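Contents: one structure, followed by commentary.
Note on naming: letters A, B, ... go to the chains in the order of the sequence lines (proteins, then strands), and numbering restarts at 1 for each one. Everything numeric here is computed off the predicted structure, so don't read it as measured data.
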2 protein chains.
Amino acid sequence: MKDSPEDLIVNAILDAIAEQRLPAGTKLGEQALSDLFACNRANVRRALASLAAQQVVELRPNRGAFVMTPSPKEARDIFQARRAIESTIARHAAGQASAGDITFLRDNIIEEAQAHKAGDKPAELRASRQFHMRIAQIAGNLVLERFLSELTMRSTLILGLYSRTGSSSCAEDEHDRIVDALQNGSVDELVRLVDEHLRHLEKGLNFEEPPAAPMSLKEQLMVPRSASSQG
Amino acid sequence: MKDSPEDLIVNAILDAIAEQRLPAGTKLGEQALSDLFACNRANVRRALASLAAQQVVELRPNRGAFVMTPSPKEARDIFQARRAIESTIARHAAGQASAGDITFLRDNIIEEAQAHKAGDKPAELRASRQFHMRIAQIAGNLVLERFLSELTMRSTLILGLYSRTGSSSCAEDEHDRIVDALQNGSVDELVRLVDEHLRHLEKGLNFEEPPAAPMSLKEQLMVPRSASSQG
DNA sequence: TTATCACGGATTGTTAACAAAATATGGCAA
DNA sequence: TTGCCATATTTTGTTAACAATCCGTGATAA
């Protein structure tokens, strides 16, 4: 069960993105990563290639690797894909949930609400993502589960770029009703709720104002004068 | 527009798999690949990491890379996922096809039929795959298009492992009717036809007899005694 | 004959050094 | 001060050599 150094890097980066500790556009330098994980650059390189294949990282030749910055069009595609995949997942998960699954989901909703109240954004995002992924596990289709894993990851990046202030709180009650339907085994109701939930999430996005992309630690501090608020 | 050596390797392997020139289980030696593509092993390694992230290649530590051998369960998951994704694609493609799209698809059907008659399996598979991928392009969702690309690739591997003899010929007429519905813009009809088409494809699989996996050139010739037909 | 074990060749995994490219720095002229 | 250019440093890309592991072969013993 020992993970290869490459998997370690991949998972660490995915976790960081899932909790919005790594915002879109962040540069992922090879040296920095190989120092952090105490391994050689070859492993870092393979890890970045894997992440690039999952569209979570952008590989610019001779420039390096950057956390992907989804465009509005990509955001639209991703949520459309999520509706397609999560609807199917819901259809197959309905009535399949064990008692343990239901307990997990109920607890998860509480956890997310508490994190939200406490202003702990990483914990809130992690919980929300776990909610969707757990239902995918219940459905039992590993392919759809993997696709959704990728899409929720990219959704987190989108949220970080385009979400309106405080728009994620409306989802709490929806998660509750989804578990109700999941437990009752009312398929059509469940599918409807999931689809609606995702539409609400997408509606909470705002593509008007620019992405406001922070690039790296250094660039966050050393902003070119014109973009600074100071005269 | 110049491709990096890594992309070159990835695409070459994907093409080979799509045309069933590389059967499931084939070993992809690093030396062999770096010789073939006249590049260093580092690039080969990154290419294999990308392919592994797409589940097209299996990376066994200290053993090497092998073309993925999908299990029956995986086959089921993959076709289930295809129905979910291609239904959605169909819904968004209906009525969106240009004249050029229709021409391409009609020609493609003829091409596939001719290849089938001529017994040219690679050409037939390539055409069939192009048919599905073109419709995905018409739908205009890059995420779903990429997912489908991966799924069709893996479907080809499944076909190579589990397909009954001559079960792929029934699909010709179905493709025709799909283009009809696509052209007419009759959404529900199109979705129904696509779903049915995929169910027929899946029904043509036979999981009873073992995969009969050829592993490498050498192993195809040097079969252990018990598996040989000669006494 | 059959099973086990040791050895040699081949393949994968790791590391370090080098080359090429891009970014950052500082100086110069307008 | 502002814009431009040459240079220095950093970072990515490439290559080769070395270490570790696995596979096939053949010898040995029951």
Side-chain angles (χ1 to χ4, degrees), chain A residues 1-10 13 22 25-53 57-68 213-228 230-231, chain B residues 2-10 13 22 25-53 57-68 213-228 231:
Chain A
M1 277 299 251
K2 211 188 62 176
D3 272 342
S4 69
E6 183 202 320
D7 288 337
L8 230 62
I9 302 174
V10 169
I13 292 180
L22 273 179
T26 307
K27 164 141 197 183
L28 301 171
E30 297 183 1
Q31 191 84 274
L33 289 174
S34 59
D35 287 352
L36 259 172
F37 292 94
C39 68
N40 47 36
R41 281 197 311 145
N43 281 322
V44 172
R45 242 135 189 291
R46 292 216 309 171
L48 292 175
S50 287
L51 291 167
V57 152
E58 193 185 351
L59 241 45
R60 274 179 266 182
N62 289 324
R63 296 279 163 78
F66 300 81
V67 177
M68 181 77 81
M215 279 284 159
S216 70
L217 278 173
K218 194 182 292 182
E219 288 181 5
Q220 275 184 304
L221 304 176
M222 306 188 35
V223 190
R225 193 82 72 72
S226 58
S228 168
Q230 313 217 358
Chain B
K2 209 188 65 178
D3 273 342
S4 69
E6 183 202 319
D7 289 337
L8 230 64
I9 301 173
V10 169
I13 292 179
L22 274 180
T26 307
K27 164 142 193 182
L28 301 171
E30 297 185 359
Q31 191 84 276
L33 289 174
S34 58
D35 287 351
L36 258 171
F37 292 95
C39 66
N40 46 36
R41 279 192 350 185
N43 281 320
V44 171
R45 241 136 189 289
R46 293 216 309 169
L48 292 175
S50 287
L51 291 166
V57 152
E58 195 185 351
L59 239 46
R60 274 180 265 182
N62 290 323
R63 298 281 163 75
F66 301 82
V67 177
M68 181 77 83
M215 279 284 161
S216 68
L217 278 173
K218 193 182 292 182
E219 289 180 6
Q220 276 183 303
L221 304 176
M222 305 186 38
V223 190
R225 189 87 69 74
S226 58
S228 169

Quickly work out the A:Arg46 CZ to C:dT12 P distance and round it to whole Å. 11 Å
How long is the line joining CG of A:Leu59 and P of D:dT11, in whole Å? 17 Å
Once you round to the nearest 0.5 Å, how far does CD1 of B:Ile9 lie from CD of B:Glu6? 7.5 Å
What's the CG-P distance between B:Leu48 and C:dT12, to the nearest Å? 9 Å
Positions of residues 33-41 of chain A (non-hydrogen atom under 4.0 Å from DNA chain D), listed by number: A:Arg41
Nearest listed nucleotide, side chain of A:Asn62, among C:dA21, C:dT12, C:dT14: C:dA21
Atom-pair distance (NZ on B:Lys27; P on D:dC22), nearest Å: 12 Å
Indicate the atoms forming the closest heavy-atom contact of A:Phe37 with A:Leu8, along with that distance. CE2-O, 4.3 Å
Looking at C:dG13, C:dT14, D:dG13, which one has an atom nearest to any side-chain atom of A:Asn43? C:dT14
What integer distance in Å separates A:Phe66:CZ from D:dT11:C1'? 11 Å
Please report the closest heavy-atom contact between B:Ala53 and A:Ser50, naming both atoms and the distance. CB-O, 3.9 Å
Expressed in angstrom and rounded to an integer, what is the separation of A:Arg45 atom CZ from D:dT11 atom P? 14 Å
I need the B:Leu51 CG to B:Leu28 CG distance, nearest 0.5 Å. 8.0 Å
CZ of A:Arg60 versus P of D:dT11: gap in Å, rounded? 16 Å
Polar side-chain atom of A:Asp7 near backbone of A:Val10 as donor-acceptor pair, under 3.5 Å: no
In whole angstroms, how far is the C1' atom of D:dT21 from the CD atom of B:Glu30? 13 Å
What's the separation between atom CG in A:Asn40 and atom CZ in A:Arg46, rounded to the nearest 0.5 Å? 10.0 Å
Distance check: side-chain N/O of A:Arg63 vs OP1/OP2 of C:dT23, anything under 4.0 Å? yes
Looking at residues at least two apart in the chain, or sitting in another chain, which of them share a salt bridge (Lys or Arg N to Asp or Glu O under 4.0 Å) with B:Arg41? B:Glu30
